[in-house]
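The structure appears below as structure tokens.
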Amino acid sequence: MQMREITYRQALNEALAEELERDENVFLMGEEVAQYNGAYKISQGLLERFGPKRVIDAPIAESGFAGIGCGAAMVGLRPIIEFMTFSFSLVAFDQVANNAPNILTMSGGQFRCPIVFRGPNGPAHQLGATHMHATECLYANIPGLKIVVPATPRDAKGLLKSAVRDDNPVLVLEVEMLYATKGPVEPPMPEHDLLIPFGKASVVREGTDLTILTYGRTMPMSLQAAATVAKENNLNVEVVDLRSIKPLDLDTILASVAKTHRVVVAEQDRPVCGIGSELTFQIQHHIFDELDAPIARVTMEDVAVPYAEKLEHAVLPTPEKIVAAIRRTCGI
Amino acid sequence: MDSEATKQAEIKLLYDMLAIRRFEEKAQQQYQMQKIGGFLHLYIGQEAVAVGSVAGTKHDDYLITAYRDHGHALARGMGMNEAMAEIFGKATGCSKGLGGSMHYFDRKNNMMGGHAIVGGHIPLGAGLAFASRYRGEDRVTLCYMGDGAINIGSFHEALNMAGLWKLPVIFICENNQFAMGTAATRSNPLKEIVDRGAGYNMQSLIMDGMDVRKVRDTIADVCGKIRKDPQPYWIEARTYRYRGHSMSDPGTYRTKEELEKHKKDDPITQFKAVLIKEGLLSEEDFKRMDTEIKALAAASVKFAEESDEPAEEEVFRYTTVETDTSYKPIPTRPETSKENPFHC
Ligand SMILES: Cc1ncc(C[n+]2csc(CCOP(=O)(O)OP(=O)(O)O)c2C)c(N)n1
């Protein structure tokens with residue numbers, strides 16, 4: 001199959017278009033998704049192609065349109081709800097965390113809520129404290145939600161398409177800083193229907209000396225850090241891209257750690273009860289004896305993100321911080 | 001309808017109200033005997049709103065409400081057994097014992113839940129109506145809420161979008177004058193709750209929520225209009241709750257006299273008198289009906305007590321589901337319109 005180089009943004013756009021084309025129950029709703037073509041242009045051209053019934057501009061009312069999506073999903077539509085960023089999903093928290101995942105349980109299985117919430121999430125550039133929340137750890141605490149964080153164009157497309165077809169509420173947490181990055185992706189439908197299953201991590205770089213567990217924004221940073229320590233310290237680092245936060249691919253994670261015996265978690269969220277907290281627990285719980293050094297974590301600092309560029313840089317995860325964590329963990 | 005069918009329909013209104021009352025009295029008694037846990041919010045006093053409005057709908061119109069939901073579910077056709085078993089937390093309950101009193105769901109009767117976060121279900125109600133609009137179905141959604149719910153953000157967001165997109169939904173505010181201990185006059189600046197609809201460009205009206213016939217006729221009329229010309233309605237149903245907010249409420253925020261005054265409007269006593277006056281019912285008929293209903297309520301307790309608890313794996317089974325094609329959502333109505341329903 002002839003792979004193409006397309007951007008993460010284009011990959012998401014293709015996923016939306018293919019799913020809208022495939023199933024007339026699928027619709028896209030959010031602020032500026034239709035006439036404006038999306039705040040980040042993910043939905044470019046979709047209004048023109050699918051019309052205003054399928055691609056719907058909503059007022060600035062996250063709780064309202066997230067809830068409308070849940071109601072529509074209860075009776076069999078397949079809504080894709082775009083949050084302009086997941087920082088704004090916080091005003092819809094009740095719908096995302098308390099309605100979407102609970103309907104199945106509360107109704108004793110009578111109603112499902114097959115809905116996708118998607119949009120950029122986590123660190124961006126100089127947007128200040130309110131616009132850069134990495135919400136994966138907030139939502140991961142809620143039973144019934146599935147959470148994926150693609151870091152490559154191929155994963156962006158394949159995970160989003162799988163999300164639309166899943167019968168559960170799924171959060172597709174995109175990475176704004178990666179929207180313009182390119183990568184190989186299979187040809188579009190009808191030639192190829194790219195579906196990437198949830199709960200499958202991807203070993204994006206094989207190594208033997210240490211495992212970096214990462215996802216989203218910090219995935220390319222981890223590859224960069226691995227290249228640096230390969231050159232400067234002759235270390236052979238394995239990089240595991242989780243892709244899916246919930247469900248979590250423990251098998252791949254544990255197999256990698258059992259091979260390298262050293263772990264750095266590079267995550268885009270904050271340290272307290274972050275994704276790394278859970279990973280660290282799981283590793284020590286299952287394979288305590290395999291660890292040759294304490295697990296290190298690189299995260300956002302536990303502060304509100306400042307505007308000033310230099311300060312922002314100081315509190316976000318960086319390849320340099322990952323390099324330092326690798327060296328520390330390897331006793332260098 | 002022939003006159004016998006009409007008569008039966010009228011008597012059924014009384015029957016359904018009485019069934020809710022007796023069911024809840026039984027539930028209250030069981031609560032006091034500590035046979036059931038959690039919260040129990042009784043609908044007693046408000047029965048005419050649920051029964052009348054349901055009688056004004058078609059069976060596949062959607063219903064969604066808040067946590068004071070027993071009345072709506074029973075009015076829609078849920079059996080007392082399923083309803084009682086749910087508050088006993090039994091596997092035979094309407095939500096398999098996983099929902100509880102505040103979360104009654106009944107798919108076969110298009111009852112889309114009992115929802116316990118004040119106002120949180122109003123966007124869901126708009127979403128059900130959105131689905132009907134999307135499909136071009138002439139199905140109407142009835143979305144009930146208390147007078148306390150009109151002050152929360154999700155209410156505003158949902159009504160705004162319903163107004164904007166002309167969604168086929170009737171928002172019914174059951175104004176029982178209190179949200180827990182807070183009188184409506186202490187929680188919103190309006191003279192009349194019905195005036196909230198104007199801000200959403202919605203047809204709005206007040207309905208006597210103690211008069212079951214008026215409720216039925218109003219809702220039937222509004223449903224008919226919506227089916228022809230999809231749009232939302234805002235209806236304030238004036239009613240009163242005779243019991244505390246929930247079982248733990250001593251009710252110190254209102255006087256005994258006030259309560260007694262409202263009990264004179266009791267929807268059941270009132271309508272019984274009307275039927276007797278019209279010669280559709282005798283005192284004897286009523287007694288027979290009451291005995292029959294009380295027996296059903298008592299039997300529902302026995303049924304609930306004798307039912308099994310849900311198996312532990314049920315809760316994991318219904319946290320996430322395997323995606324499969326065997327699951328069929330509620331069937332759609334035949335399409336009534338192919339034209340694009342959205343004007344924006
Ligand atoms: C968002 C939220 N806040 C608070 C509560 C607690 N609470 C439950 S019922 C209630 C009063 C609501 O009154 P109203 O909407 O008038 O309905 P009624 O009880 O009269 O049927 C409150 C404050 C809640 N369930 N949800």
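Values reported hereafter were calculated over all heavy atoms of this structure, with side chains retained and with hydrogens, waters and symmetry mates removed. A, B, ... follow the sequence lines: proteins, then strands. Residue 1 opens every chain.
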ask   = With no hydrogens and no angle check, is any side-chain donor or acceptor of A:D166 less than 3.5 Å from a backbone partner on B:T323?
value = no
ask   = Backbone N or O of A:F65 within a donor-acceptor pair of the B:E157 side chain at under 3.5 Å?
value = no
message = Heavy-atom pairs under 4.5 Å with chain B: which of A:A72, A:S63, A:S107 has the most?
response = A:S107
inquiry  = Counting heavy-atom pairs under 4.5 Å with chain B, which one of A:A61, A:A58, A:G76, A:C113 comes out on top?
reply    = A:A61
message = Looking at B:N201, I'd like to know if its CG atom is crowded, meaning that more than 12 non-hydrogen atoms belonging to other residues, nucleotides or ligands lie closer than 6.0 Å.
response = no
inquiry  = Main chain of A:M106, side chain of B:S95: is a donor-acceptor contact present, judged purely on distance under 3.5 Å?
reply    = yes
message = Please check if the number of heavy atoms outside A:L250 that lie under 6.0 Å from its CG is greater than 12.
response = yes
note = Here the pair of heavy atoms bringing B:L98 nearest to A:G108 is CD1-CA, 4.1 Å
ask   = Say you draw a straight line from CD1 of A:I103 to CE of B:M112; how long is it, rounded to the nearest 0.5 Å?
value = 8.5 Å
request  = Determine the minimum heavy-atom distance between A:G67 and B:L124, stating which atoms define it.
outcome  = O-CD2, 3.4 Å
ask   = Do the side chains of A:P59 and B:N160 get nearer than 4.5 Å, heavy atoms only?
value = yes
query = Would B:Y134 and A:R54 count as having a side-chain donor-acceptor pair, cut-off 3.5 Å?
reply = yes
message = Would you say that more than 12 heavy atoms from the other residues, nucleotides or ligands in this model lie under 6.0 Å from the CD of B:E305, or not?
response = yes
key: Part of B:L128 lying under 4.5 Å from any heavy atom of chain A   = both
ask   = Taking the six-membered ring for Trp, are the ring centroids of B:F130 and A:F27 within less than 6.0 Å of each other?
value = yes
Heavy-atom contact with chain B under 4.5 Å, split by part of A:R165 = backbone
ask   = Using non-hydrogen atoms only, which part of A:N25 is less than 4.5 Å away from chain B: side chain, backbone, both, or neither?
value = both
request  = Measure from the side-chain N and O atoms of A:Q95 to the backbone N and O of B:P123, and report whether any donor-acceptor pair falls under 3.5 Å.
outcome  = no
remark   = Between the NE2 atom in B:H115 and the CG atom in A:N99, the distance rounded to the nearest 0.5 Å is 6.5 Å
inquiry  = So does B:V321 get a backbone contact from the side chain of A:N168, meaning a donor-acceptor N/O pair under 3.5 Å?
reply    = yes
For chain A, the option from B:K96, B:M102, B:R107 that forms the most heavy-atom pairs under 4.5 Å = B:R107
ask   = Relative to chain A, which segment of B:E86 carries a heavy atom at a distance below 4.5 Å: side chain, backbone, both, or neither?
value = neither
request  = Look at atom NZ of A:K200 and say whether more than 12 heavy atoms of other residues, nucleotides or ligands are closer to it than 6.0 Å.
outcome  = no
pair A:P143-B:T319: side-chain heavy atoms closer than 4.5 Å = yes
task = Look up atom CG in A:D167 and atom OG1 in B:T320, then write down how far apart they are to the nearest 0.5 Å.
result = 11.0 Å
query = Which bit of A:A34 comes within less than 4.5 Å of chain B, counting heavy atoms only: side chain, backbone, both or neither?
reply = neither
message = Nearest 0.5 Å, please: how far is OH in B:Y318 from OG1 in A:T105?
response = 10.0 Å
ask   = Between B:F155 and chain A, which part of the residue has a heavy atom less than 4.5 Å away: side chain, backbone, both or neither?
value = neither
query = Relative to chain A, which of B:A131, B:G99, B:G114, B:G153 shows the most heavy atom pairs under 4.5 Å?
reply = B:A131
query = Where do A:M74 and B:Y327 come nearest, in terms of heavy atoms and distance?
reply = O-OH, 4.5 Å
ask   = Under the side-chain contact (heavy atoms from CB on, under 4.5 Å) criterion, do B:R135 and A:L77 qualify, and how do the steps go?
value = CA-CA 9 Å; B:R135 292 169 163 149; A:L77 296 189; 3.6 Å; yes
